[in-house]
Amino acid sequence: MIVAARMLNVAMAGIMMSTGGAALDGGAGRPGGGFKLPPSVGRTLGNGMRVYVMEYHELPLVDFEVIVGAGAAHDPPGREGLASLVADLLRKGTTTRSAQEIADAVDFVGGSLGASADQEGTRITAEFLTKDLDLGLDLLMDSLRNPAFASAEIERQKAETISELKASRENPGLLASRRFIEILYGGHPYGHPTPGWESTVAPITRDDVAGFYRDNYEPDGIIFIAVGDFKNEEMMAKLEARLTGWKGKTAPRKAVPAPAKLPARAGRTIYLVDKPDATQSQIRIGGLGIRRVDPDYAALQVANTILGGGFTSRLVEEIRVNRGLSYGVSSRFYPMLQTGPFMINTFTKNPTTLETIKVALEVEQKFLKEGPTAEELDKARKYLKGAFAIGHQAPDAMADVLGEIAFYGLSKDYYDTWLDRIAAVTVDDVKRVTAKFPAEGSILLVLGKAEEIRKDVETLGPVTVVPLSAH
């Protein structure tokens, strides 16, 4: 959820230099480069809530991240979009403050307060200057614990969501990725867009909203994280004083179904989504990938970087650089609590649709068959090390790391050893893990002007024409 599912949410609409932060020391004596998270403290309160605090004194900021273990995968049938709507409403007024009062209080001190749902959970974030810590915590706690869910705000937010869903019809890239996910997962809870569909958002009532909140926003299903300019024990004491009194019913939660319930596929299936006004073809190739806890996660990140996850990847080199078929092409695993998707993503002009598909498939198949060169492996490991350093240099990034560790049940030192694990990946490791790429049972989806591209796509095999949306 913390990284992968947030990235997936886009398709379907989860560290720090210097003494005060984490250390990235250039790699003295270690193959991956030294790295260590700042000291943190974690406790489980009597009500079941897990609380983590981490000192970071480089900036006069405090970042909060609250993860509620209920997202779009927990939407009731016929009410898809409910988790997202509830998240959107958390800042729209409480029993003690109006939506405008909350917005004014946050803006007055230059802070931020927001919430959003993805497939697996809901994430509430807040950032305030250290001097405004208590105010920020008050606003966060009020929004989290006392949402008013005023009928007028619910109707306003529903209308806004429906308007955004209608507008998304003019976004071919978003439509293609959503349709790919809908087809890949079928009736599985991962199979609908996080904001739902127009037909499922419209009938949502206040009782639905209040019921989802009541059933899912329980302390035993919440992870509460604070990172920033404070002393760990002082912040832990402050949070315990505010959170211990939050009583819950500790009812068993509905888990996301296991991978065994995902659709089984044999061979590649081809889908054509007709968008008569499209001037380009959107192409998606992929299938079921891995879970976040897969023991080969590091090796798979290296492998995917070589295939399509980096600027010098094989897909980029062949499709963009050598042939000029597209400005953009990439591949990515989206590992989640259960099996997440793997997707190759590109687009091209209508006349070059077939060529682009063939090249993408040839590049993928050659890589899966032969594996990487030593030079490619070295480039990929260096790329991932650099991206890791660049992407983890602020308190909110460290809050994400703590959240990811807690949400997925990773070891506490998971990221302290991450660069070493990347550095240890060998050519043979990459060859071995290519078996986890979904070459068999995969989907090829093309969204475009069927009148112009259908005959070309049909040369690849039987084609199923599907509408723009599942609803």
Side-chain angles (χ1 to χ4, degrees), residues 2-4 6-8 10 14-17 21-28 30-37 285-286 289-290 292 294-323 326-335 340-346 359-360 363-364 366-368 370-394 397-398 400-401 404 410 414-434 436-437:
I2 306 304
V3 175
R6 280 216 305 277
M7 294 295 295
L8 179 61
V10 175
I15 306 180
M16 308 120 4
M17 305 171 112
L24 190 56
D25 64 16
R30 294 177 63 181
F35 175 81
K36 191 171 179 62
L37 283 168
I285 303 169
I290 59 170
R292 180 59 183 87
D294 192 295
D296 289 320
Y297 181 80
L300 284 162
Q301 295 306 302
V302 175
N304 182 66
T305 298
I306 296 168
L307 174 61
F311 295 122
T312 60
S313 69
R314 290 192 182 188
L315 286 169
V316 171
E317 189 71 16
E318 194 60 33
I319 289 177
R320 176 173 177 169
V321 178
N322 293 344
R323 304 196 186 215
S326 177
Y327 287 115
V329 57
S330 64
S331 64
R332 180 184 290 273
F333 282 99
Y334 299 85
F342 168 81
M343 189 190 306
I344 295 173
N345 178 329
T346 191
V359 172
V363 170
E364 180 189 34
K366 183 178 181 181
F367 173 68
L368 298 184
E370 300 177 359
T373 65
E375 181 183 3
E376 286 176 323
L377 177 65
D378 186 54
K379 282 183 180 179
R381 292 184 304 202
K382 288 178 179 176
Y383 175 85
L384 287 169
K385 178 179 177 179
F388 183 80
I390 292 170
H392 298 84
Q393 295 184 13
M398 283 182 272
D400 276 355
V401 166
E404 186 176 6
L410 306 176
Y414 186 87
Y415 279 106
D416 292 343
T417 60
W418 173 250
L419 294 177
D420 292 329
R421 281 179 281 129
I422 291 296
V425 174
T426 66
V427 168
D428 287 341
D429 289 331
V430 174
K431 287 180 178 179
R432 175 178 57 81
V433 301
T434 55
K436 295 189 177 183
F437 283 72

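Values reported hereafter were calculated over all heavy atoms of this structure, with side chains retained and with hydrogens, waters and symmetry mates removed.
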(Q) Would you say S330 and N345 are linked by a side-chain donor-acceptor pair, where the criterion is simply a distance under 3.5 Å? (A)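 No, because no side-chain N or O of N345 sits under 3.5 Å from a partner of the opposite role on S330.
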Residues Y415 and E404: side-chain donor-acceptor under 3.5 angstrom: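 There is such a pair between these side chains.
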Check against side-chain contact (heavy atoms from CB on, under 4.5 Å), R292 and L410:
CA-CA 9 Å; R292 180 59 183 87; L410 306 176; 3.7 Å; yes
(message) Tell me whether R421 forms a cation-pi arrangement with Y414, defined as NZ or CZ under 6.0 Å from the six-membered ring centre and within 45 degrees of its axis.
(response)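 The answer is yes; both the distance and angle limits are met.
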| query | Does any non-hydrogen side-chain atom of N304 lie less than 4.5 Å from one of F342? | reply |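 Yes. Closest side-chain heavy atoms under 4.5 Å.
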Measure the shortest side-chain to side-chain distance between I344 and S331 over non-hydrogen atoms and say whether it is less than 4.5 angstrom.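 The answer is yes, as the side chains (C-beta and beyond) meet within the 4.5 Å cut-off.
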Worksheet item: How close do A360 and I285 get, heavy atom to heavy atom, and via which atoms?
Response: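 Minimum heavy-atom contact is CB-CD1, 3.9 Å.
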**Report entry** For the student: nearest non-hydrogen atoms of P335 and Y297, plus distance
**Finding:**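 Minimum heavy-atom separation between P335 and Y297: CG-CE1, 3.4 Å.
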*Would you check if the side chain of D429 reaches a backbone N or O of T426 as a donor-acceptor pair within less than 3.5 Å?*
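The answer is yes, because a donor-acceptor pair under 3.5 Å joins these two groups.
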Stepwise side-chain contact (heavy atoms from CB on, under 4.5 Å) check, V363 with V359
CA-CA 6 Å; V363 170; V359 172; 4.2 Å; yes
Pair R432 + D428: basic N to acidic O under 4.0 Å: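 No, R432 and D428 are not salt-bridged.
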Parallel, tilted or perpendicular: which describes the rings of F367 and F437, with under 30° parallel and over 60° perpendicular?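 It falls in the perpendicular class, over 60°.
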For a side-chain contact (heavy atoms from CB on, under 4.5 Å) check, start with the C-alpha distance between E318 and R323, then their side-chain angles and the critical distance, and finish with the verdict.
CA-CA 6 Å; E318 194 60 33; R323 304 196 186 215; 2.9 Å; yes
